[in-house]
Every structure is written in structure tokens, then in C-alpha cells.
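Contents: one structure, followed by commentary.
Sequence positions, counted from 1, serve as the residue numbers for this chain. Just so you know, these numbers come straight off a predicted model, no measurement behind them.
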Amino acid sequence: MKKLLFGTILAGVVAIGAACSNNSMQGHDMSKMNKEKTAKTSEVNEPKPLATNTEVLSGKEINLTAKEALLQINDKVKLPVYTYNGSVPGAQIRVKQGDTVKIVFKNELPEPTTIHWHGYPVPNSQDGIPGVTMNAIKPGETFTYEFTATVPGTYWYHSHQESAKQVDKGLYGTLIVEPKNEEKVDRDYTLVLDEWMSNPDEGNMHMSGMDHSNMGHGNSSDNQHIDMSSMSHDMSMYDIFTINGKSGSAVEPLKVKKGEKVRLRLVNAGYMSHKLHLHGHDFKIVATDGQPLKDPQPIKDELLNIAPGERYDIEFTANNPGEWLLECHGNMKGTDGMKVKIQYEGATSNTDKANAKENLPTVDMTKYGKHELGQFTLDQKYDVEYTMDLGTAMGKDGMVFTINGKTYPETAPVNVKTGDLVKVKLVNNSPTDLHPMHLHGHFFQVLSKNGKPITGSPLIKDTLNLKPGEEYVVAFKADNPGNWMFHCHDLHHASAGMVTELKYKNYKSDYTPNPNDTTNKPE
């Protein structure tokens, strides 16, 4: 796989501890859905249009168009971005459990792209991985994705073509599947977290041999040598954190009324973990990666750590009138921008103060909720067992990230057959890097952390974050035939090698990759 320059540059530095991020998607109050049409695509050579507010789409057929725009992040910074339907985050797709989801996707970007449905168990042919499940969709082309919405919850979609670059430029949106028998809430907001560079050229001045002329938000040119000694070993390049594409005072407040039940769907589309603190209220974590938790207990003044690719649904009762913050904790340069006001209707004064540097405990998800046995246990018999040693090494062109000492496509796949019970041990042996590992097409149950069994609710996920030195054991059933990616969702790490595949024996794909096609770049 052709490695992205930016991937190798940032590989060793991107996942430094928990920060806070926020990327464009003004809090959607789903009780007042915005049905406005987005602006029409600009003609070639015309100035790029300003990004619009994120719309909500539902129905039997949904139209998505990838196109360029300019995103006004705050009153000082406007950046060139890639969008779905003219906004960052892109249009929210909202469907009911059991619906057939049909998305007619058109590419109006200047380069090939695809859509991957992150966390969703779509048929393998719809997974959107160029060179693995389909060819990248070229500029001007249209492709129709279709699948059945079988599993309710909070998911997201994003490019999987040169994803370290394209997702970094804003090419993502959310997918909400409402349960058939949903417990209603009064307000339902989606908040997407991200990080950006206010001045990409300045942020990359430490990197030698680079052509800055094409560098936008996370953009880069390929195949240039990197002098690793000249790298900046901090994350100062990403100096703006956003919620729904806005930062600081530009983030639209979340309106509530006293007595209402409020759901916040939190999605991390960035490359850093973010620790969020809800002020003034108890809350419950009701789902992680779209999957419900058993009997979640109230939490007060604890931080919720959200790693790249993860989703958390939290709920609280609006029982403390005033104006309160949901804010990121940390001391990164952009941390202050990742906060949103929760405003009670009729409140006349600001009753809250930011405290982003306060040292608060972090929720331990391995001990959260009511303990009961899930589908899998540590001591049952498994058909396939696989150990995934996650490491860091120096390659000929800079830092690489390895699985069992190899980089993709040389990594050994997880070979299974339909119906197999699979146990995977993940070990993070990288000295400083976080690795949020994401499995396509399946959910897995987390069984143990650092040798100790999970003592909270059964923890079902598709993305699991490993800090340096941590070890987890997870299990799943091979129930969705295909060839599936299993990779780090710090996409810079993926582009620098940390990818393997889950391969079903005897699976015959209708798609045959062309080995001479250089267009397909799956990471």
C-alpha cells in the first residue's frame, strides 16, 4: 500500500494523550429537524462556496455529493475543506431500524473517493474500501450504496480513500438508526469532535523536503523523504479543536427546557482522544459505539474519554436551570475551543465557568454499568485465536506502525470461516502512541483489560482504544462473510502500516481488484 507522506510524518506524534476536539456539525436538535436544501455546487473555476449548516436526510433514497467548500471555523479562521452536501460534518442520515438504506453518491471532488459506513455491519460489497471491496469513485462518477438498517444506534460515515488526508479535510458525516421501539427523549443532539490546523504551512515547517503548496487541512503530497529528526514532537500543528466544525464561541449552544430528557450523541472524527466534562448535571452513558449498556449508573464530575472513531451516547435530565458547559479537558493549544453551552430557555445569566485544566477522574468503561455475562466468556472454546502485537518502528522513509512486526499489506490476516468464534488479544507495545483499533463489519465483546475480566456491563464495540502497555482480549462471531479491514483509527498510523484484514475462507467477492490500478488507496 502506498503510504501517505502525512501519515508517516505524524505517525509518532498524533495520539499524544487525551485532548479535546470539535468539528463542524452544529448541535442537531432532532425534535426540530433542519430540512433546508444545501447550496448548489459551484461551477468549475468559481470561488469555493462557504460550507452550510448540516442538514438531516431520511427517506427511501438519499442523495449525497462530495464537493469542496470553505469552512468558517471561528471569526478568524476559514479553511478549504471536503464536504458531503456542502457541510462539515456532512448531512446526517437518519433512518429507522428495518429500513432499506439507499444512498446515491456523486463525487464532485478533484480526486477519487469512497464512503465507508463506520461501525455498521453492511454487506462486504458496500463497505467502501478501494482495492478491497470496490474501485475508488472517480471525479464525476456516481455510485449507489444499499444496505438494510438492522442494528440501531449512533454511527458515522467517512472516506476510506487516502483517508488520513480526506477525513482530515472534513469528509465525514453521521448515520443514526432509530430503534423500532425507541424510548423517546425531548432533545437529541449530535456533536462531532475534530482537530484542525489554522496555518498548515507554519504547522509543518519542521518537516523537511516538503512541498507546502498543496497543504490544506491535513493535506500532503506523496512519496517524499522525511527527515524524522526535524519533526516537531508535539501536536501544535493541530491548534484548533471543533465541535460540528465550529470552535469556541462559534459553536451553536444546545437549547433545553427544565424537566426535559436530553440525549447527546458524541462522535470522534479526529485523531486525538478527547476527555469531555458535563457541568452541572448527572448523566448516564447509555451506549458505546451504538451498542446499549446494561443499567448505566449516574456519573457526576467525571471525564468521558472519547478516542478516534468511538461514539458515546449520554443522557441527562435538564434539572438545573442556567447556562452550563460541556467542555474538553486538557492543556493542548486547541482545548479551549472544544466546548459547547447548554442553555436553558429563559435563563438570564451565565451560571458556569470553564475549568478545562481541573484534574478529574475518568470513567472506567470496564467497570461501568451492571455486570452480567455477555455472549462470550474468557474460558469458552474458540475456533480461531489471534494475537495482535501493535508496534512502532523506523522504516526507510520514516516511522511505521506494525502489527506483529509487519506493515500492510504484509501483515498476516485473521483467517476465519462463517460461524467461527474468534478471540483476539490486542497488545500495545508502542512506547508513546495510542492505538484505537477498529474492526469493519462486526461488533466485538471486550472480555478483559490487562489480564483482568470486565466487571461492568457487557461492553460491545467496534473501536477499542489501547494506551501504551495495555492489553485487551476481545471476542466475536464470524457472521458477516467478506474481506474486512482491522486497523488503527488514528488514520495516520493506518496509512503508515497498522492494518490487517479479517478474511473469510471460501468467500467469493463479485469485485476483482486490478493490480495495475494505482487509483485505489485504501488507507
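- At distances below 3.5 Å, at least one donor-acceptor pair connects side-chain atoms of D517 with backbone N or O atoms of T519.
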Practice task
Could you walk me through whether D127 and V132 pass the side chain to side chain contact (heavy atoms under 4.5 Å, CB included) test, one step at a time?
Solution key: CA-CA 9 Å; D127 198 40; V132 177; over 6 Å; no
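- When side chains are defined from C-beta on, H487 does not count as touching M498, because their heavy atoms never get closer than 4.5 Å.
- Across L466 and N428, no two heavy atoms sit closer than the pair O-ND2, 2.9 Å.
- Of the possible donor and acceptor atoms, one in the side chain of Q97 sits under 3.5 Å from a partner among the backbone N and O of K180.
- Atom CG of D313 sits about 7.5 Å away from atom CD of E315, to the nearest 0.5 Å.
- The aromatic rings of H160 and H116 lie perpendicular to each other, with more than 60° between the two planes, well past the 30° mark.
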Exercise for the section: Apply side chain to side chain contact (heavy atoms under 4.5 Å, CB included) to I93 and V95, showing your working. Expected result: CA-CA 7 Å; I93 299 171; V95 297; 4.2 Å; yes
Practice task
Applying salt bridge (Lys or Arg N to Asp or Glu O under 4.0 Å), run through E178 and R94 and close with a yes or a no.
Solution key: CA-CA 7 Å; E178 298 174 348; R94 199 168 184 103; 2.6 Å; yes
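- Under a 3.5 Å cut-off, the side chain of S509 and the backbone N or O of Y511 do form a donor-acceptor pair.
- Two residues are said to be in side-chain contact when any heavy atoms from C-beta on lie closer than 4.5 Å; P121 and F443 meet this criterion.
- With rounding to the nearest 0.5 angstrom, the CG atom of L109 is 6.5 Å from the CD atom of E68.
- In this model, a donor atom of one side chain and an acceptor atom of the other lie less than 3.5 Å apart for Q343 and K255.
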Handout entry: side chain to side chain contact (heavy atoms under 4.5 Å, CB included) assessment of F376 paired with F444
Key = CA-CA 9 Å; F376 303 102; F444 51 76; over 6 Å; no
Exercise for the section: Check step by step if salt bridge (Lys or Arg N to Asp or Glu O under 4.0 Å) holds for E260 and R187. Expected result: CA-CA 7 Å; E260 287 184 330; R187 307 273 184 163; 2.8 Å; yes
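- Side-chain contact of N85 with E55: a donor-acceptor pair under 3.5 Å is present, judged by distance alone.
- Ring centroid separation for the pair Y84 and Y157 comes in under the 6.0 Å cut-off.
- The backbone N or O of I285 lies less than 3.5 Å from a partner atom in the side chain of Y368, making a donor-acceptor pair.
- The distance from atom OG1 of T154 to atom CG of D289, rounded to the nearest 0.5 Å, is 9.5 Å.
- Looking only at side-chain heavy atoms (C-beta outward), H440 and I129 come within less than 4.5 Å of each other.
- Nearest heavy atom pair, residue T52 against residue S87, reads O-CB, 3.2 Å.
- Residue-environment remark: CD (E372) exceeds the threshold of 12 foreign heavy atoms within 6.0 Å.
- A salt bridge does not link K341 with E252: none of the charged nitrogens is closer than 4.0 Å to a carboxylate oxygen.
- Here the side chains of D462 and R311 are in contact, with some heavy-atom distance below 4.5 Å.
- Ring centers of F401 and H435: under 6.0 Å apart, within the cut-off.
- Between L171 and T83, every side-chain heavy-atom pair lies at or beyond the 4.5 Å cut-off.
- In summary, of the residues considered (Q445, E310, H438), a side chain to side chain donor-acceptor pair (under 3.5 Å) with K461 occurs for E310 alone.
- Side-chain atoms of T142 do not come within 3.5 Å of backbone N or O of K106 as any donor-acceptor pair.
- Considering CE of M437 and NE2 of H493, their distance stands at 11.0 Å, rounded to 0.5 Å.
- For F147 and W117, the distance between ring centers is under 6.0 angstrom.
- Between the side chain of T407 and the backbone N or O of G497 there is no donor-acceptor pair closer than 3.5 Å.
- Taking both residues in full, the closest heavy atoms of Y408 and M485 are given as OH-CE, 4.0 Å, listed atom of the first, atom of the second, then distance.
- Side-chain contact between L459 and L293 is present, with at least one heavy-atom pair separated by less than 4.5 Å.
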Exercise for the section: Output, in order, the C-alpha distance, side-chain angles, deciding distance and verdict of salt bridge (Lys or Arg N to Asp or Glu O under 4.0 Å) for K257 and D186. Expected result: CA-CA 9 Å; K257 285 182 182 174; D186 299 294; over 6 Å; no
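- Under the 30°/60° scheme for interplanar angles, the aromatic rings of W156 and H158 are found to be tilted.
- Between the N268 side chain and the M272 main chain, a donor and an acceptor come within less than 3.5 Å of each other.
- Proximity of V474 to L464: side-chain heavy atoms (C-beta onward) are separated by under 4.5 Å at one or more points.
- Within the 3.5 Å criterion, the main-chain N or O of A149 finds no donor-acceptor partner in the side chain of D99.
- For CG of N514, the number of neighbouring non-hydrogen atoms (other residues, nucleotides, ligands) closer than 6.0 Å is greater than 12.
- A salt bridge links D420 to K417: at least one charged side-chain nitrogen sits closer than 4.0 Å to a carboxylate oxygen.
- Closest of all the heavy-atom pairs between T113 and S159 is OG1-OG, 3.3 Å.
- Contact of the F105 side chain with the N63 side chain is not registered, since no non-hydrogen atoms from C-beta on lie closer than 4.5 Å.
- When every heavy atom of N483 is checked against every heavy atom of T133, the shortest pair comes out as O-CG2, 4.1 Å.
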Problem - Residue pair K284, I299: steps toward the side chain to side chain contact (heavy atoms under 4.5 Å, CB included) verdict - result: CA-CA 6 Å; K284 294 179 180 180; I299 295 168; over 6 Å; no
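- N135 contributes atom CG, which lies 8.5 Å from atom CD of E141 (distance to the nearest 0.5 angstrom).
- Residues N305 and Y312 share a closest heavy-atom pair of O-CE1, 3.7 Å.
- Taking the ring centre of Y82 as origin, the terminal cationic atom of K169 falls inside the region bounded by 6.0 Å and 45° from the ring axis.
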Problem - Criterion salt bridge (Lys or Arg N to Asp or Glu O under 4.0 Å) on E111 and K165, from CA distance to verdict - result: CA-CA 12 Å; E111 59 182 300; K165 178 179 77 170; 3.0 Å; yes
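- Side-chain polar atoms of T114 and Q161 form no donor-acceptor pair below 3.5 angstrom.
- For the atom pair K423 NZ and L447 CG, the distance stands at 8.0 Å (nearest 0.5 Å).
- Of the possible donor and acceptor atoms, one in the side chain of Y271 sits under 3.5 Å from a partner among the backbone N and O of A164.
- K425 pairs by the salt bridge (Lys or Arg N to Asp or Glu O under 4.0 Å) definition with nothing, not counting sequence neighbours.
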Problem - Audit row: Q126, Y120, side-chain hydrogen bond (donor to acceptor under 3.5 Å, both in side chains) steps and yes/no - result: CA-CA 10 Å; Q126 305 302 298; Y120 218 74; over 6 Å; no
